[in-house]
Amino acid sequence: MSQIRVRFAPSPTGYLHIGGARTALYNWLFARKHNGVFILRIEDTDTDRSTQASIDEILDGLRWLGITWDEGPYFQSHFIAEHQKAAQQLLERGHAYKCFCTKEELEAKRDEALRKKIDYKYDKACRKLSPQEIKEREKQEIPYVVRFKVPESDGSVVFDDLVYGRIEKKYADIEDFVILRSDGKPLYVLSNAVDDYRDRITHVFRGQDGLANTPKQILIYNALGYELPQFAHMSLTLDTKKAKISKRKHGDVVTVKYYKEHGFLPWALCNFLALLGWSNSESRELFTREELIEAFDISGISKSNAIFNYTPGDPKNWTDPKAIAINARHMSMMDVRELAPYVRDELRIAGLWDERYEHELREWFLSTIDLIRTRFHTLKDFATLGRPYFSDDFSYDEVAVQKNLKKDPQLKEYLLQLADRFERLPSFTVEASEHEVRQLSEQLGIKAGILINAVRTAVTGQAAGPGLFELLRAIGKERVVNRLRKAAHIFFQ
RNA sequence: GGUCCCAUCGUCUAGUGGCCUAGGACGCUGGCCUCUCACGCCGGAAACACGGGUUCGAGUCCCGUUGGGACCA
């Protein structure tokens, strides 16, 4: 078989949302897996709704996700003449006809059918027009649309969908659909088929909403003498009420941009999206880019729609909890050197970045983010929960202060003593600081945990965090000593 | 309204007639570890939409019902 060619063909009428990103991802994975070509085609023929901002947004989103395209972006609007030519060909070969029915006539018929509760389909009035009648109408310059002549035999369109299996649709159930509007604009079914043929698409991989159009497109392919591609339709992404997701209804949470701005690793989002409606036989869930390409297979795509399970208004589950979990796992698993640039960007946004982190302090920076990353969920956490590691200007958690410091007034003295002991240490190692703390607790006859928790809160403002002694080393002797003294001052009267 | 598609824990899913006492993951939850939190480890609650068939045997095949979705209008 010749080289596999697939495409992602979004309409630039809004932002790139996660459903679209998933469609793009599946196409991309399929292409990469089979050394095929992934094409980006912008279907911008709806000039009223298409915007440049939306095109930019889609391209930016795909680039951020790492879904790279090999050809394009092509723009459907550049090929309108070609679509019209195809319609002309269909007309000439007797596969289509001009329909002069007016909007009013059609609406009247439709309303009547609705009233009688019978199925409405175009009654093919103009299909029966004689050449003479057609000529007359053309002479009068009556506007017309072009309709496809659906075969009138008993047969049906049959195709094998790579996901849904054999699909059959009777000719009788397909109406003579419009392929060209009266203003000469081609319709989606036609443009899309012509473009896919021109781009030599071998596998049409799209949302399940395209399934109903496929029989019509197959009719067009056949009439135009095009070789048929393989079709594979994938399940849709729905909200918790089982409605199709859209930015209009759900807001920014469904846009790819939102994840970029809320501390997601691009690949983690891809990993999550891949799992929404696809699984592999090993029930494996965490993949690197290469592993997913290797594991991806059409046979694992599920037929039923998947629900994007986020809870609006819940700060903890602001998006699907599984997405957050996958992001957290990737953050703690990936090579820390790969993680570093993402953390850098977050620290920059928060005004915490220091250029030395990439030079003389690089080793310190890497070991510090390595130390703190396992309890973080998004990259944002590096600038919030991680703030005390990068700045002296951090806040103290009320509950932590109450529980670990204020509860025992004597801690003031203990913290000052520890500060003195730390200050005298020739080398502020994990072992040295631990030795001091344990020795002091022994001398005082208190549990080491009391001191440990107090120091953690005094030094980071938090009740939770990495093991204390590694934390102390990361923050450094001078800052630790200063913070212990400061805490002794401000929290005890 | 017509046509098409779908139906397993709250969510994502495994399951292709006996391996199902229905498995995994996220979330929830009990415990271990421990200086806290997280990780990790060991447990728990939690599902085959319903009704008929076919079969020795059905989550798995067939039919119907119900529910959901898509497309066309």
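Just so it is clear, the values below take in all heavy atoms, side chains as well, and ignore hydrogens, waters and symmetry mates. Convention: sequence-line order gives letters A, B, ...; per-chain numbering from 1.
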Nearest-Å distance for atom pair CG/C1', residues Asn327(A) and rA25(B)
16 Å
Return the value, rounded to whole Å, for the distance between atom CZ of Phe177(A) and atom P of rC71(B).
17 Å
Heavy-atom nearest nucleotide on RNA chain B for Arg22(A) versus Lys121(A): which residue maps closer to 5'?
Lys121(A)
Between rA25(B) (P) and Asn271(A) (CG): distance, integer Å
15 Å
Contact string for nucleotides 34-49 of chain B, one letter per nucleotide 5' to 3', B = base within protein heavy-atom range under 4.0 Å, S = sugar-phosphate only, - = neither, reads -BBBB-----------
Charged N to carboxylate O below 4.0 Å: is that the case for Asp209(A) and Lys244(A)?
yes
Sticking with atom P, work out how far rC37(B) lies from rG31(B), rounded to a whole angstrom.
12 Å
Does a side-chain N-to-carboxylate-O contact under 4.0 Å join Arg483(A) and Asp392(A)?
yes
Of rC4(B), rC12(B), rG69(B), the nucleotide closest to the side chain of Leu236(A) is rG69(B)
Under a 4.0 Å threshold between the charged nitrogen and the carboxylate oxygen, would Arg329(A) count as salt-bridged to Glu285(A)?
no
Look at the side chain of Ser304(A) and decide which nucleotide, out of rU3(B), rC12(B), rC6(B), has an atom nearest to it.
rC6(B)
What's the CD1-C1' distance between Ile174(A) and rC72(B), to the nearest Å?
11 Å
Are Thr214(A) and His233(A) close enough, and set up right, to give a side chain to side chain donor-acceptor pair (under 3.5 Å), and what steps lead you there?
CA-CA 10 Å; Thr214(A) 307; His233(A) 289 87; 3.2 Å; yes
In whole angstroms, the gap separating C1' of rG10(B) from CG of Asp320(A) amounts to 11 Å
Only one of Leu416(A), Asp420(A), Val459(A) passes side-chain contact (heavy atoms from CB on, under 4.5 Å) with Leu484(A), and that residue is Val459(A)
Members of residues 292-303 of chain A that approach RNA chain B, where some heavy atom sits under 4.0 Å away
Ser302(A), Lys303(A)
Measuring from the side chain of Pro321(A) (C-beta onward, heavy atoms only), which nucleotide among rC12(B), rC5(B), rC26(B) has the closest atom?
rC26(B)
For a quick check of understanding: with a heavy-atom distance under 4.0 Å over all strands, which category does Lys447(A) fall into, base, sugar-phosphate or nothing?
nothing
What's the NZ-C1' distance between Lys244(A) and rC6(B), to the nearest Å?
16 Å
If rU55(B) has a Watson-Crick or G-U wobble mate with both distances under 3.5 Å, name it; if not, just say none.
none
Electrostatic pair Glu346(A)-Lys380(A), nearest N-O below 4.0 angstrom
yes
So if I apply the side-chain contact (heavy atoms from CB on, under 4.5 Å) rule between Val194(A) and each of Leu190(A), Asn192(A), Asp196(A), which one comes out positive?
Leu190(A)
I'd like to know if Lys322(A) pairs up with Asp320(A) as an ion pair, taking the criterion as any Lys NZ or Arg NE/NH1/NH2 lying under 4.0 Å from an Asp or Glu carboxylate oxygen.
no
Any base atoms under 4.0 Å from Leu286(A), or only sugar-phosphate, or nothing? Heavy atoms, all strands.
nothing
Once the angle between the rings of His262(A) and Trp318(A) is folded into 0 to 90°, is it parallel (under 30°), tilted (30 to 60°) or perpendicular (over 60°)?
tilted
What nucleotide among rG27(B), rC12(B), rA25(B) has an atom nearest to a side-chain atom of Leu275(A)?
rC12(B)
Suppose you measure atom P in rG43(B) against the same atom in rG23(B); what distance do you get, rounded to whole Å?
13 Å
Trp267(A) ring center within less than 6.0 Å of Tyr342(A) ring center:
no
Euclidean distance for P, rA7(B) against rA49(B) (whole angstrom):
9 Å
Listed nucleotide nearest any side-chain atom of Lys242(A), set rG68(B), rC72(B), rC26(B)
rG68(B)
What is the distance, rounded to the nearest whole Å, between atom CZ of Phe287(A) and atom P of rA25(B)?
14 Å
